[in-house]
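Read through the structure below, which is laid out as structure tokens, and then see the notes.
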Protein chains: 4
Amino acid sequence: MASQKASGSDEKEERPVRTPQRRRGRERVAALVEAAVAVFAEQGYEAATMTEIAARAGASIGSLYQFFPTKEQLAAELHARQLAGLAEMLDALAAEARGRPLEAAVDRLFARLVTFLEAHPAFVVLSERRNIDPQAKKRARARLRGGIEALLAGTVPPVPAARRPALAALTLHMIRVAALLEADDDTSLRGPAVAELKAMLRAHLVAAGDG
Amino acid sequence: MASQKASGSDEKEERPVRTPQRRRGRERVAALVEAAVAVFAEQGYEAATMTEIAARAGASIGSLYQFFPTKEQLAAELHARQLAGLAEMLDALAAEARGRPLEAAVDRLFARLVTFLEAHPAFVVLSERRNIDPQAKKRARARLRGGIEALLAGTVPPVPAARRPALAALTLHMIRVAALLEADDDTSLRGPAVAELKAMLRAHLVAAGDG
Amino acid sequence: MASQKASGSDEKEERPVRTPQRRRGRERVAALVEAAVAVFAEQGYEAATMTEIAARAGASIGSLYQFFPTKEQLAAELHARQLAGLAEMLDALAAEARGRPLEAAVDRLFARLVTFLEAHPAFVVLSERRNIDPQAKKRARARLRGGIEALLAGTVPPVPAARRPALAALTLHMIRVAALLEADDDTSLRGPAVAELKAMLRAHLVAAGDG
Amino acid sequence: MASQKASGSDEKEERPVRTPQRRRGRERVAALVEAAVAVFAEQGYEAATMTEIAARAGASIGSLYQFFPTKEQLAAELHARQLAGLAEMLDALAAEARGRPLEAAVDRLFARLVTFLEAHPAFVVLSERRNIDPQAKKRARARLRGGIEALLAGTVPPVPAARRPALAALTLHMIRVAALLEADDDTSLRGPAVAELKAMLRAHLVAAGDG
DNA sequence: TATGAATGAGAGTTCATTCAT
DNA sequence: CATGAATGAACTCTCATTCAT
């Protein structure tokens, strides 16, 4: 088997993920990241192998390890990058939505998130991984929830502060469900089910805004 | 030889899961199943080892393989049993709900599903497994959706037939989200978020019924 | 390369060295131990590979790991066995030497130790290993020194108690040197140098006895 | 390609250790040598990595390989330098000791050797390495033994020629034991055991001189 | 049938060494 | 000459699976 032993906050000296200086290196890393995202997305964390990731990037296994000293850290790094991107997107969205109707904000949020998940196919896989450092996980979720809360606070009408945390958490999960529906269900249901989901969430948030 | 990696639809003759006749055998299988559920729930499919499952059941590895010829088939068998139980429960619920208010039916559904998931801790793990035989997966989902559709068809008012498939699929996912919220999120959000989820779903279904 | 990660008292759950029940198993283990001793003796700890040890025992790598869960533990187990054998031998020698002349005891000790080291060619290699758990090392040395002290206490004349610990430690090292001289030096010097060593030690101990 | 394992007398063209002409180069080599000595002393030959040696010298690996084309040759070069230093010291000592009492010569030898070993912490590690080219090893030992023989030949009284080679070899080993005692044993024994060792050796040599 | 030792492919990881820049 | 990314053979260790007893 493999890393067999792994669990987020461990020993193993934690040599940090290296950022290369030379241009060649930066391209290499980009290729590695892309390959890793693809392989994780296709196979899941456990089934993905470092060997395949390296091969798919056209690199040697040693090269992969030069930049990402463990499989665990590779996953963590990818996840962190994707989280940062997502959080940034949410912030931008919150800014755009300020003073705009809640309904429109929800639609927009949905659209962007679907785009994001299509662009980051490993996101769900990496988020759901057991063995993630629970601290980091909590922090990440809080960050995202914060972004959504800000969004829901600035619309017209705003969602009442008291219900915002719970509704933000709920919204986050709805996104995930939307992604799953989009991807893996009976083809004939994809469209309708996602539509129902969107309508449901929008109605619920709007009702909260009015409440 | 041993191939350690095996994935869903393979060669490998698929010797069927043996069902024992003698009482000793049936007890043994029950113990193995229980142990497997526990280990899969705790560690996930990949991290679970056949050795640990056998040990926890107080059986030898050889014994485990007597009844479940591959790890894959063990997981599939467990999953199938749990799905059957769930489907049965949905059927019973549909019968009970016939002629009763939609609202009450939804609440009941929710309550029962939460109970079910608590009683079958490996259910989510086994459902989310990639590498499942996609055919079987589709059939299973269809069966469950069917149960929920029946439920939604018999209430007063009933959910319109046209929207039933999508709403059934959606409801199924909502359950999963509820389970996740119940289990892994920020403690302070569990209660409120689940409450929001339930209210949201109920309102949406009721609106559909009225529509 | 080798253990990459290793350092005596570590994490890694320390599954204990298994002692097999079946006869076949006991023979297997004996073959593995023999092979390990040979390989460690020839190549040293780091250069020895688990693969070669298994191959030389006519076993598979998996079989080796069934009984000795890490290379580290394999070395530790071998070392412990050899230490126990040596300590036992020293105890027997101390019993034999009680009441006999110191001079004869020293000669006998020397002879037996040379025999022992010839019979346990990995002994020096395993003793000198850096990365041994220092606690265990200290205990082992103390045990051996104790055996020699007892020997030196029971002869006629006895070595004075005050000097016994230091002289026992010294004697132990002289043995090692004798083994090294016996093994790896210029052929023409082996005999004479060992003779000088023996004479030197004997004279020193006798002088201590008279003092 | 890379063969990671290389052992003593091999193919590999043996590009010689480069000696730099420019001052910058000489400084660089000095830093590399110092770093290598430290790392070998701390970690042993096998565990030491070329990467760490280079890093500790503030150089790049490429730079290290410029001067020392293999790890093996690096170790050999260090060892050779240290041996040369030691031999030189012995020669000086032999000169000083000419016509002086044997007893004093022995004490002096001991004192200088302890100093030397403290100043060259990797000496023992590099000497004990298996896989050293046996020819080179023999030559080195012979050179050292020669130095000690010369010493023992010039004192008053001199050690008889016939016993000189064996006694020189023995003395050399005693030094090593002294170093080991100094370093790794039970603290409480260090002083006394080394004292016994010194007394023993001195008495033996003096007796030889008188014989 | 039950048992558990045996098997070996395969996974993660390291590090000596090379070579383009 | 210096640099450090690139390479890949080799290593330790795991675990699904088989099979002699």
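Keep in mind that what you see is a predicted model, and the values were worked out from it rather than measured. Residue numbers begin at 1 in each chain, while the letters A, B, ... track the order of the sequences.
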Between E72(C) (CD) and dC11(F) (P), how many Å, whole number?
-> 18 Å
Quick one: does K137(C)'s side chain have a donor or acceptor within less than 3.5 Å of a partner on R130(C)'s backbone?
-> no
Using atom CG of L64(C) as one end and atom P of dC15(F) as the other, report the distance to the nearest whole Å.
-> 16 Å
Check whether NZ of the Lys or CZ of the Arg K71(B) lies under 6.0 Å from the centre of the six-membered ring of F40(B) and within 45 degrees of that ring's axis.
-> no
May I ask which nucleotide in the shown strands pairs with dA6(E), Watson-Crick or G-U wobble, both distances under 3.5 Å?
-> dT17(F)
In terms of heavy-atom contacts, does CD of E34(C) have more than 12 from other residues, nucleotides or ligands at under 6.0 Å?
-> no
Which whole-number value in Å describes the distance from Y65(A) OH to dT17(E) P?
-> 22 Å
Evaluate whether atom CD of E42(B) has more than 12 neighbouring non-hydrogen atoms of other residues, nucleotides or ligands under 6.0 angstrom away.
-> yes
The answer to which of T51(D) and G62(B) contacts DNA chain E further toward the 5' end, by nearest nucleotide, is G62(B)
Separation of E46(B) atom CD from dG10(E) atom P, in whole Å?
-> 16 Å
When rounded to whole Å, the CD to P distance for the pair Q73(D) and dT17(E) reads 9 Å
Which listed nucleotide (dA6(E), dA2(E), dA2(F)) is nearest to the side chain of S63(C)?
-> dA6(E)
Grab the CZ-C1' distance between F68(A) and dT13(E) for me, whole Å please.
-> 16 Å
Which nucleotide sits closest to the side chain of K71(D): dC11(F), dT17(E), dA16(F)?
-> dT17(E)
Residue pair S60(D)/S60(A) against DNA chain F: nearer the 5' end by closest nucleotide is S60(D)
Side-chain N,O (R28(C)) to OP1/OP2 (dA6(E)) below 4.0 Å = yes
Take A48(A) and I61(D), find for each the nucleotide of DNA chain E with the closest heavy atom, and name the residue whose nucleotide sits nearer the 5' end.
-> A48(A)
Report yes if at least one side-chain N or O of Q66(D) is closer than 4.0 Å to OP1 or OP2 of dA2(F); otherwise report no.
-> yes
5'-most contact on DNA chain F: G58(D) or M50(B), nearest heavy atom basis?
-> G58(D)
Starting from C1' on dT7(E), measure out to CG on L32(C) and report it in whole angstrom.
-> 13 Å
